[in-house]
Each structure stands twice: as structure tokens, then as C-alpha cells.
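Worksheet: one structure, shown below.
All values below come from the heavy atoms of this structure, side chains included, with hydrogens, waters and symmetry mates left out.
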Amino acid sequence: MFESVEEVQQRFGDARYIASRRIATVVFLAARMGRPVLVEGPAGVGKTELAKTLSEVTGRRLIRLQCYEGLDEGKALYEWKYAKQLLYTQLLRERIGELIADAPSLPDAVAKIAGQEDAFFSFRFLSPRPLLSAILAEEPVVLLVDEIDKAEPEFEAFLLEVLSDFQVSVPELGTVRAKHIPLVVLTSNNARELSDGLKRRCLHLFIDFPVPADELAIIRLKVPEIPEKLAAAVVSAVQKIRALDLRKLPSVSESLDWARSLVILNARELSPELVESTLTMLVKHEKDLERVKGALDKVLAE
Amino acid sequence: MDERILEFIGDLRRAEVRISPSEALDALAAASEVGLVDRETFKTTLAATLIKEFRDQPTFDRLFDLYFLDLEALGQGLQKALGPADPRVQDMLDRMLAEEGMELDELTELLMRGGGSEMEMAIRASGQNAGLERLMYFLQVGFFSRRLSDRFDWSAVEADLERLLKLLEARGLDPGQLARVRNYLELRLEAFKRMIRQHVERELERRAYRQGEKLTREVLSEKPLFALTADEIAQMKAVVARLARKIKDALALRQRQEQRGRIDTRRTTRKSLQYGGVPMEIFLKRRHREKPKLVTVCDVSDSVRNASRFMLQLVWSLQECFSRVRSYVFVSEIAEVTQAFSTYPVERAIEWALKGAPVDYHCRSDFGYAFSRFSKTELDSLDRKTTILVLGDARNNYNDPQAWALRLIRERVKGIIWLNPEGQWGWGIGDSVMPLYAPACDFVRECRTIAQLGEVVDNLVHHWWRRGR
């Protein structure tokens with residue numbers, strides 16, 4: 001899939017994702033070793049984007065499983081379409097009647113119906129959810145398990161099982177084994193500690209806020225119409241705001257939003273008034289806003 | 001290389017980074033995938049496979065630097081040590097050796113041609129069973145360097161060099177040239193010996209690091225809190241943070257294990273529609289447990305300030321476990337410091353509470369006065385869900401203990417827990433009035449060290465608030 005770390009970096013760059021050497025190395029390893037990658041880091045640094053870009057770069061379909069509290073195996077793996085099964089049974093009542101009409105005794109009738117079980121417990125009545133679709137997929141896919149920290153530990157344990165052998169047993173149908181090992185990316189915002197087992201299974205990647213040079217590259221790439229000087233000023237301001245003692249630090253996606261709004265406002269450079277009026281794009285907490293406003297001259301200093 | 005990585009993993013483990021065998025295997029496999037292209041990639045590779053907790057990253061970084069030398073830097077260092085390279089001399093030697101078909105000792109070969117990494121490898125190999133594990137003090141460096149260097153067969157090298165120079169002389173090299181060659185070889189020999197010493201020094205550093213890590217965790221958590229130096233206090237913060245995390249993790253796990261409760265009719269009925277009205281799957285209402293309220297009352301006079309500091313840190317790091325935490329500090333006047341914790345990060349708030357709160361830090365502690373003030377002003381804000389955590393040595397400087405105030409407070413709350421940073425043998429002796437306060441408390445514990453503090457708080461979080469739910 002990838003021949004070298006440089007190639008990963010190159011191809012991600014072509015797909016408009018600035019991958020640091022670190023990120024590229026881990027992606028390369030994951031592809032080579034067939035291991036899931038666990039991506040941790042603050043919100044909005046491009047964790048989910050990484051998986052999307054990976055699917056784009058490799059030309060594989062992206063299957064996404066968004067985790068939330070209360071997510072259980074059924075919703076993640078598969079569900080039987082009971083209503084459909086019920087409906088079919090109703091519609092086919094006569095045929096079933098015919099089938100067992102000549103059965104001499106009750107046990108015989110049961111045996112005859114049991115012989116037809118396959119008709120009702122087949123893939124026709126199974127609705128595959130993300131995990132099963134990833135396993136059933138005919139072509140290799142990228143599986144994104146987003147915000148795994150939001151799901152409960154039991155689900156994590158179950159996921160670990162799936163990720164270690166990429167096979168699932170559906171009691172009525174038997175065991176289904178993946179044709180291709182999917183590339184798996186898990187993301188976590190660190191809302192809670194993940195289990196050791198899962199961490200052990202995965203390659204670990206911590207994505208932090210990008211260094212100034214990378215952030216500049218990202219802004220230039222995603223907001224190409226931004227004047228060069230303004231982009232540099234935005235990066236320097238954002239980096240300085242991140243150094244402040246805030247409740248929630250501005251993420252990359254927020255600095256992109258800010259850059260976009262500055263472009264819409266036709267700004268050429270950052271003036272204190274302009275920053276003050278657009279600051280809400282960047283800083284979302286009341287108290288943080290006050291703090292940044294208080295330190296505005298420091299933020300805007302060259 | 002594999003051996004080196006395994007050794008590195010061993011040291012990470014000793015520094016309390018948990019690494020499973022499968023992760024170790026992953027690291028080896030991954031390292032062979034990327035190969036030794038450059039140091040940064042190699043480092044990322046090991047980090048991705050071995051380090052799964054962000055808090056272990058600094059340990060990893062430090063150990064990595066001790067283990068995997070910056071070969072580029074080393075190369076430059078070696079170059080410097082060798083002086084300007086002398087390709088002409090090297091050339092001449094090479095040519096001559098080829099012509100004469102002279103057999104050289106391995107070591108001489110290494111000295112004459114080997115690069116930095118090869119020399120390093122040879123030194124490491126010779127150090128394998130030189131008893132380096134007994135290396136503990138800086139004074140031993142000389143001894144072990146000699147010991148390591150004695151393992152090389154220097155006599156063979158000398159003989160080789162002697163032969164070499166003789167040969168050159170015989171070929172009619174002029175004395176100036178000859179001196180230059182001799183000088184060159186000696187320089188290389190010198191550099192090699194220096195590398196041996198550096199190797200031993202690094203080994204010492206690694207060992208010291210290992211010991212240091214262990215000491216911080218073990219000795220520090222057993223050391224009486226009042227005896228900590230400023231340095232140790234700084235280190236202790238990390239220990240307390242780790243402790244808080246442990247308690248929290250265990251708690252999170254347990255809270256989720258509770259799956260009993262009444263049937264959630266709404267969800268069960270909703271789900272049953274799928275099955276034609278048969279309640280195939282039962283849903284239970286999760287019980288919402290009331291989180292307890294906590295009020296901490298800390299003595300911040302000199303004698304117990306450290307204990308208060310760590311208790312505040314522990315309690316506030318655990319604040320998710322409580323619905324509300326309020327903190328008071330006193331020496332004799334009592335003041336609420338909760339506000340500081342909602343404005344500043346925990347550590348800064350603590351510093352402020354210990355130094356900047358509106359109480360007189362220089363008077364003598366007066367528990368009686370503090371409790372009577374507290375009972376006058378704060379009684380209304382207490383209720384049966386509140387637990388009061390008092391931290392103090394109960395040394396009242398012969399003031400009126402006013403134990404009635406504490407009893408009054410007890411009537412309003414779920415319980416009072418007293419942590420005393422003084423050893424139990426001292427309670428009731430001299431100006432200690434612990435025995436007068438103890439009857440009003442639900443339990444009283446000695447709490448002289450971080451280990452004890454952790455035990456008590458763990459016990460509280462897991463048992464005290466479970467009772468009579």
C-alpha cells in the first residue's frame with residue numbers, strides 16, 4: 001500500500017492533509033503491520049480527518065462507527081430485521097400451512113419447519129451495522145471508530161475481540177470471517193481512560209496542536225485565498241492564545257474558521273478591533289474570551 | 001539491535017511503564033519494518049508501539065536519549081576527537097596493507113577503519129559481563145573503564161602497530177611522514193579509550209535514572225509529610241496526581257458495573273414493538289447515585305501545611321467524584337477558599353490557599369475558635385449529604401478546644417472524618433486535644449505519609465460513601 005514513510009507523507013499531502021513525520025510513520029506502520037491505530041489528542045486537530053484522508057488516499061471505502069454512551073453490540077454489529085421476518089411469515093402463512101399439512105404429528109411438523117429455518121435466518125433479514133459491514137466487505141475498507149471513549153467499557157471489550165481476529169459469530173448463521181483485514185482507526189478525546197487491552201492491541205498516535213510551520217501550511221492549503229501576511233499573523237496569534245491559560249484551547253478547525261471569516265471580512269491584517277469582534281470564532285468560553293481580550297496586545301505582538 | 005530494544009523495554013518497565021510482551025514484539029516487528037532510516041522515525045516507531053499513555057511520554061523520551069545515541073552527533077564528536085581526518089595517511093595505510101597482505105588483529109582493524117557505531121558496538125559487547133550492574137557511584141567510573149578496556153587485547157594491537165611502523169620504515173618513509181602516521185594511530189587509540197569511559201558514564205547515568213525513579217515513588221510516599229523539602233514537594237505532586245488517577249479509574253469501573261434497578265417501562269415497551277409486543281429485551285432504569293458533597297477543613301499552620309497541600313490536591317483532582325467540593329482553611333481565623341479552585345488550576349489554587357487566603361498565617365493554631373466560627377457562619381449550608389474532612393494535628397496551643405462546636409456540626413452532616421498528620425502515639429499528649437474531638441468524629445485516622453493519605457481517601461471514596469445509600 002505504501003512503500004515508505006515519505007510516500008505516506010507525499011500522498012497525504014496530495015490529498016490536502018499535512019501529515020507530520022510522526023503521523024506518517026504511524027500510518028505507514030499500521031498499513032504494514034495490519035494493526036489498528038488509536039489516535040488521541042485534543043478536539044479538532046484532525047483525528048477524524050486522518051481516517052477520511054486515509055480512505056481517500058488508499059481508495060478504500062470509509063465505514064464509520066460513531067460511538068456514544070449506550071452504544072451496544074447490536075447497534076454496532078448487526079440486527080435482525082424482525083419486522084420483515086414477521087411480515088414474511090404472515091404473508092407466507094398459507095405456504096407454511098401447505099408445507100406441514102401432510103405431517104402426521106406435531107413433532108414432524110416442527111421438524112419440517114425447522115428444515116426451512118435457513119430461509120428466515122439468512123443475510124436477507126440481517127441488517128449489517130458498521131462493524132459487520134467492514135467484515136463482510138468484498139473490497140478492503142477503512143474502518144473509523146470515532147470517539148471510542150464515549151462508549152462504555154463493555155463495548156470496548158467487545159470491540160477488542162472483533163479487532164483481534166476480525167471475525168464475528170452470528171449464532172444463526174455461523175462465523176463470518178473478514179475477507180480483507182480493514183485498516184482501523186480509532187479516535188479518542190480522552191474523556192475517560194481506555195482499557196489496557198485495547199491500547200495494547202493498537203498502535204498509539206498522539207496528535208497535538210501543530211507546530212507553527214505546519215499550522216501555516218494547513219491554513220494556506222485549506223483557505224487558499226488568504227493573503228500570505230494575514231495567514232502568518234493568524235498562526236502567530238493562535239499559537240499565542242494557546243499558550244494562555246484557557247479552559248478550552250482553540251483547535252485547528254477553529255483557527256481555520258477564523259481564517260475563513262477574516263477572508264470573508266476582507267481583512268488585510270489583524271487589528272485589535274477586528275480580532276475582538278471575531279474572537280468568538282476562536283474562543284468559545286465566556287471566561288476565556290475575557291482573558292484573551294485582556295491579553296490582546298500580547299497576542300498581537302510580533 | 002533487537003537486543004538493544006529489549007534492554008530498553010526492560011528499563012522502561014523498571015520505570016513503571018507497563019509494556020506487555022505482545023507490545024514488545026510489536027516494537028521489534030515495527031522497528032524492522034521501518035529500519036534504521038533516521039532517529040526521529042525510529043523514535044516514533046518505538047513510541048507508537050510501546051507508549052500508550054501520554055503521561056509515560058517524558059519517561060520514554062529521557063530513556064530513549066540514554067539508550068539510542070544520536071549517532072550523527074556521535075559521529076561529529078568522534079570526528080572532533082580524531083582531529084581533522086587524514087585521508088592521505090589512511091589511503092597510504094590501506095594500500096600498503098593490501099600490498100603486503102598483512103594479517104591484523106580484529107581490534108587493530110577496528111581502530112584503523114571502524115566508524116563510531118562499530119566502535120560503540122565493540123565496547124558494548126565487551127561490557128556485557130564486566131559486572132557493570134554493580135556500577136553505582138561516580139567514583140567507580142574509572143575502575144570500570146579500566147576493567148572494560150582491560151578486556152581488549154592491547155598487546156596484540158601494540159604489536160600490530162609496531163610491525164606496521166617497522167614496515168613503513170622499511171619502505172623508506174621519511175621520518176616526518178612516519179611521525180604523522182604514528183600520531184594518527186595514537187589519536188585513534190586515544191579516542192577509542194575515551195569512548196570506553198563515556199560508555200561507562202552513560203551506563204551510570206542510566207542506572208542512576210532507574211534508581212531515581214524508584215526512589216521518588218517508594219521512599220517519597222513513605223516519608224513523613226512535614227519532613228519534605230521543596231524539591232520533594234514538587235516531585236510529590238506527580239505522585240499525588242498518579243494516586244488520584246488510580247482512585248478515579250477504579251471508581252469509574254465500579255460505577256458502571258452496577259446494572260441493577262427497576263424496569264424502564266418506556267424503553268422496554270418501545271423495544272417490544274419490534275417483537276410484536278413481546279418484551280423480549282428488558283431495559284433497566286439506571287440508578288442515579290447521589291454524589292456526596294464534601295467540605296474540607298484544613299489546618300494550614302506550618303506544622304501540617306504539607307499534609308493539607310496534598311490532601312487539597314487529591315480532593316480537588318477527584319472532584320468529579322463529588323457533586324460539590326468546598327474548602328476552608330484556618331489557622332485560627334477560618335476562610336473559604338473554594339472560589340480559588342474554580343478560577344485557577346488546582347495547583348495554583350492550592351498555592352494561593354496556603355499563602356494568600358484571608359487568614360493570619362503567623363498566629364498559633366486555635367482549632368476551638370475555628371470550629372466555633374465555622375458553626376456560627378456555615379451551619380446552614382450543611383446537610384445530611386455532606387461529609388466533612390478535617391485535616392489537622394489538633395494541637396490547640398492550650399486554647400479552649402470548644403468541642404461542642406464540632407458536635408454541633410456533626411449533628412447537621414453525614415459524618416466527620418479527621419485526618420491527623422501526627423503519629424497516633426502523640427495524640428492527647430501535651431497540647432494535643434485529639435481525644436476531645438475524636439468522639440464527635442465518625443472516624444479518625446493517622447495520616448503521616450502520602451501512602452496513608454492515599455489509602456484513607458481511597459477508602460472514603462470506595463466505602464464510606466457507599467454505606468447507607
Side-chain angles (χ1 to χ4, degrees), chain A residues 2 4-6 9 20-35 37-41 69-70 72 74 79-87 89-90 152-156 164 190-206 208 245-247 287 291, chain B residues 18-27 29-35 37-38 40-57 60 245-246 248-257 259 267 271-278 280-281 283 286 320 342-345 348:
Chain A
F2 299 108
S4 67
V5 179
E6 285 78 17
Q9 227 167 353
S20 64
R21 180 99 191 154
R22 218 183 141 83
I23 295 177
T25 308
V26 177
V27 168
F28 172 74
L29 284 174
R32 273 301 178 89
M33 299 168 68
R35 276 302 167 92
V37 186
L38 172 63
V39 191
E40 288 189 293
E69 209 175 322
D72 57 23
E79 270 178 315
W80 286 107
K81 298 174 184 163
Y82 294 101
K84 198 170 167 189
Q85 280 171 330
L86 222 62
L87 200 66
T89 326
Q90 301 268 339
E152 270 115 47
E154 296 87 55
F155 180 73
E156 219 181 288
S164 35
N190 255 333
R192 77 181 162 78
E193 195 80 338
L194 299 176
S195 76
D196 282 348
L198 190 70
K199 285 182 167 170
R200 217 174 290 143
R201 184 67 209 155
C202 299
L203 296 176
H204 193 260
L205 174 63
F206 186 84
D208 208 345
D245 185 12
L246 299 183
R247 224 182 241 200
K287 264 189 186 149
R291 187 155 294 164
Chain B
R18 265 194 296 182
I19 294 170
S20 69
S22 72
E23 282 169 313
L25 286 176
D26 278 355
S32 71
E33 280 292 346
V34 294
V37 271
D38 63 304
E40 265 321 294
T41 310
F42 181 62
K43 188 170 174 182
T44 311
T45 305
L46 288 190
T49 43
L50 296 175
I51 300 302
K52 310 287 167 89
E53 312 271 349
F54 189 59
R55 58 170 181 264
D56 290 333
Q57 189 69 43
F60 173 83
R245 200 168 181 111
K246 221 165 96 187
K248 213 154 46 179
D249 283 354
L251 196 72
L253 215 62
R254 216 212 51 232
Q255 267 178 343
R256 293 215 170 79
Q257 280 163 0
Q259 289 269 2
R267 284 184 69 198
K271 189 76 181 175
S272 75
L273 293 179
Q274 238 179 32
Y275 306 89
V278 182
M280 297 272 279
E281 283 179 59
F283 291 95
R286 285 272 172 83
E320 293 100 317
S342 49
T343 15
Y344 303 127
R348 229 164 91 203

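Interatomic distance, CD of E40(B) versus OG1 of T25(A), reported as 9.0 Å (0.5 Å rounding). The OG atom of S20(B) sits 13.0 Å away from atom NZ of K199(A), with the distance rounded to the nearest 0.5 Å. Atom-to-atom distance recorded for R21(A):CZ and T44(B):OG1 is 8.0 Å, nearest 0.5 angstrom. Within the model, atoms CZ of F28(A) and OG1 of T45(B) stand 9.0 Å from one another, a figure rounded to the nearest 0.5 Å. Separating the CG atom in D26(B) from the CG atom in L29(A) is a distance of 10.0 Å, to the nearest 0.5 Å. The line from OG1 of T49(B) to CZ of R200(A) is 14.0 Å long, rounded to the nearest 0.5 Å.
When heavy atoms are compared at a cutoff of 4.5 Å, K81(A) does not approach chain B at all. Residue contact with chain A, scored on non-hydrogen atoms closer than 4.5 Å, involves the backbone of I51(B) exclusively. Heavy atoms of Q85(A) lying under 4.5 Å from chain B are absent altogether. Heavy atoms of S22(B) lying under 4.5 Å from chain A belong exclusively to its side chain. For chain A, the nearby parts of E33(B) are the backbone and the side chain; heavy atoms of each come within less than 4.5 Å.
Ionic pairing of E79(A) and K271(B) is present here: one or more N-O contacts between side-chain nitrogen and carboxylate oxygen are shorter than 4.0 angstrom.
Contact record, E40(A) with K52(B): OE1-O, 4.0 Å, taken as the closest heavy-atom pair.
Annotation: side chain of R348(B) is in contact with side chain of D245(A) (closest heavy-atom distance under 4.5 Å).
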